[in-house]
Amino acid sequence: MEKKYLFSPGPTMLPPEVLLKMAEPIMHHREPEFEKIFSGIREGLKYLFQTKNEVLVFTSSGTGAMEGAVSNLLSRGDKALVVRGGKFGERWGEICKAYGIEFIPIDVEWGRAVEPERIKEKLKSDPSIRAVYTQASETSTGVRYPIREIAEIVKTYDDKIIVVDAITGIGVFDIPMDAWGLDVVISGSQKALMLPPGLSFAALSNKAWKFVERSNLPKYYFNFKKELNSAKKNQSSYTPAISLFVGLRETLNMIQKEGLEGVFRRHEKLASATRAAVKALGLELFAPETPSNALTAIKIPAGVDGLKLQDLFFEKFGITVAEGQDRAKGKIIRIAHLGYYERLDMVMVISALEMLLKEMGYAFELGTGVKAAEEILMVP
Ligand SMILES: Cc1ncc(COP(=O)(O)O)c(C=O)c1O
C-alpha cells in the first residue's frame, strides 16, 4: 500500500472537507451565490491579515501578487531596497529588474536574518528609495525576518513603504498588518491557507494606495485599483479560480474557528518540537538564531547525501520534503509544518527522518528525536 504525505513548504496537505467542497459542481462567478461566498472571503481575509483594508485576491501563484506589488506601487525612476537573504528575496530583485526599477540589494547570509539597522542606514543615505521589499519568512532558508522592527524604520518616512512577502508568514505567526504599520502584505493559497496553488493575495495600507494612485508602470491583469473596485462589488475583474474561492471560504472558516491565537500557538508548538528533535539527533538547524515557524531547515550532516535523503523520504515513506535551493542544494532539507498539520504529523515525519538517517549510516540512538518532540507536543 502507498500513502503520500506532503511536508514541503508549499504545496501543503489539504483538509478532506475542503477537498470535498472544491469537488462540488462548479457555479458561475457572476451568480449571487458566488457573490455571497466572495463577501465572506473578504471578511475572512481581513481577519487573517489583521487589517481593516481590502485584501485583493488574484488567480495566480504567489509570485503574481509579488509582481503586482512592484508594477502597482512604483513609478518610472523610483528606486527600491531589496532584502536578499534567499531565493525569494532574489525574486524581488528580479521583478524590479523586469520593470526597469533600479534596486539596491541588502545581501544577507543565507540562514541569517537581516539586521534592521542596515535598512535604516540605506534609507538615510539614499533619499530616492521609495519602497523596501522583504520577506516575513524566507522559505528557502527557513529564516524569520524582523518585520516589525523594519516597519518601525520605514514608518518614519512619508514617502517610503514596506512591502512584505508573507507567503509563508500569514496564518503561521503573528503579522498584525495594521498594528505594525505594514504597507503591503502578500500571501498565497498553497501554504498556511490549506488550499491548492492558484490564488495570491495582496493587502494595502492607505499609504500604499496613494502610491498606487501615482504609479505609472505598465500593468494589465495585476491591476490593484481595478481589482479593488471589483472586490467592493463582491466580484473579481476576470474569471476567478471558482473552486479555489469555494475552498478558501471553507479554510477561512476553519481558521476563524480555531482563532488566530490558536493557529499561531499550534504552529509554534509544531516548529518547537521539530527543532528540538533536530537538536536531540545531533543535527544542526540552518537558521539557528531566528527560525521561522513555517518550516525547519536542517543541515545535512557530514557523510550523508542530502539529495539521496530527500529521494528516500519519498521512495520509502511517500513523504515529500523539500531539498535546498541553489547554493543550499544538497546541503539542507526543509520540513514544513505550516497549514493543515497537527502534532502526530510531526512525530511521523521525525520518525521517518530517524529511520532514513540510521539507514544512511548516521550515528545516533533511534527514538531520540521522536522523544524530544513528544516532550514538547504532549504539553497542552
Ligand atoms: C516566501 C515565498 N515567496 C514567494 C513564493 C513564490 O510563490 P509561488 O511559487 O506561489 O509563485 C514562495 C513559494 O514558495 C515563498 O515561499
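All ligand and atom numbering here is 1-based and tracks the order in the structure. Just so it is clear, the values below take in all heavy atoms, side chains as well, and ignore hydrogens, waters and symmetry mates.
The protein non-hydrogen atom at the shortest distance from atom 9 (O) of ligand 1 is Q190 NE2, 4.0 Å. Protein heavy atom nearest atom 3 (N) of ligand 1, with residue, atom name and distance: D165 OD2, 2.5 Å. For atom 12 (C) of ligand 1, the closest non-hydrogen atom of the protein is F88 CE2, 3.3 Å.
Those atoms of ligand 1 that come under 4.0 Å of a heavy atom in S61, given as number and element, are 8 (P), 10 (O), 11 (O). Each of the atoms 1 (C), 2 (C), 15 (C), 16 (O) of ligand 1 lies under 4.0 Å from some heavy atom of T139. Remark: ligand 1 atoms within the under-4.0 Å shell around heavy atoms of R91 are 6 (C). Near M66, the atoms of ligand 1 lying under 4.0 angstrom from a non-hydrogen atom of the residue are 4 (C). For ligand 1 and T63, the ligand atoms under 4.0 Å from any heavy atom of the residue are 6 (C), 7 (O), 8 (P), 11 (O). The contact set between ligand 1 and S137, taken as ligand atoms under 4.0 Å from a residue heavy atom, comprises 1 (C).
Under the 30°/60° scheme for interplanar angles, the aromatic rings of F7 and Y5 are found to be tilted.
D183 places a side-chain N or O within 3.5 Å of a backbone atom of I162 that can act as its donor or acceptor partner. Although no hydrogens or angles enter the test, the distance criterion places no donor-acceptor pair under 3.5 Å between the side chain of H29 and the main chain of Y238. Remark: side-chain polar atoms of D178 are paired, donor with acceptor, to backbone N or O of K52 under 3.5 angstrom.
The N/O atoms of G62, backbone and side chain alike, include one that comes under 3.5 Å of an N/O atom in ligand 1. Inclusion of K191 in the set of residues having an N or O under 3.5 Å from an N or O of ligand 1 is warranted.
Residues R112 and E289 are paired through a salt bridge, judged by an N-O separation under 4.0 Å between the basic side chain and the carboxylate.
T274 and T296 share no side-chain donor-acceptor pair at under 3.5 Å. Between T320 and S8, the side chains place no donor N or O within less than 3.5 Å of an acceptor N or O (distance only, hydrogens not considered).
Screening Y99, Y145, W92 against Y133 for a ring pair (Phe, Tyr, Trp, His ring centres under 6.0 Å) leaves a single residue, W92.
Within the structure, ligand 1 lacks E138 among the residues with a heavy atom less than 4.0 angstrom away. Note on ligand 1: G64 sits outside its first shell, no heavy atom being nearer than 4.0 Å.
Around the NZ atom of K210, the shell of radius 6.0 Å holds no more than 12 heavy atoms that belong to other residues, nucleotides or ligands.
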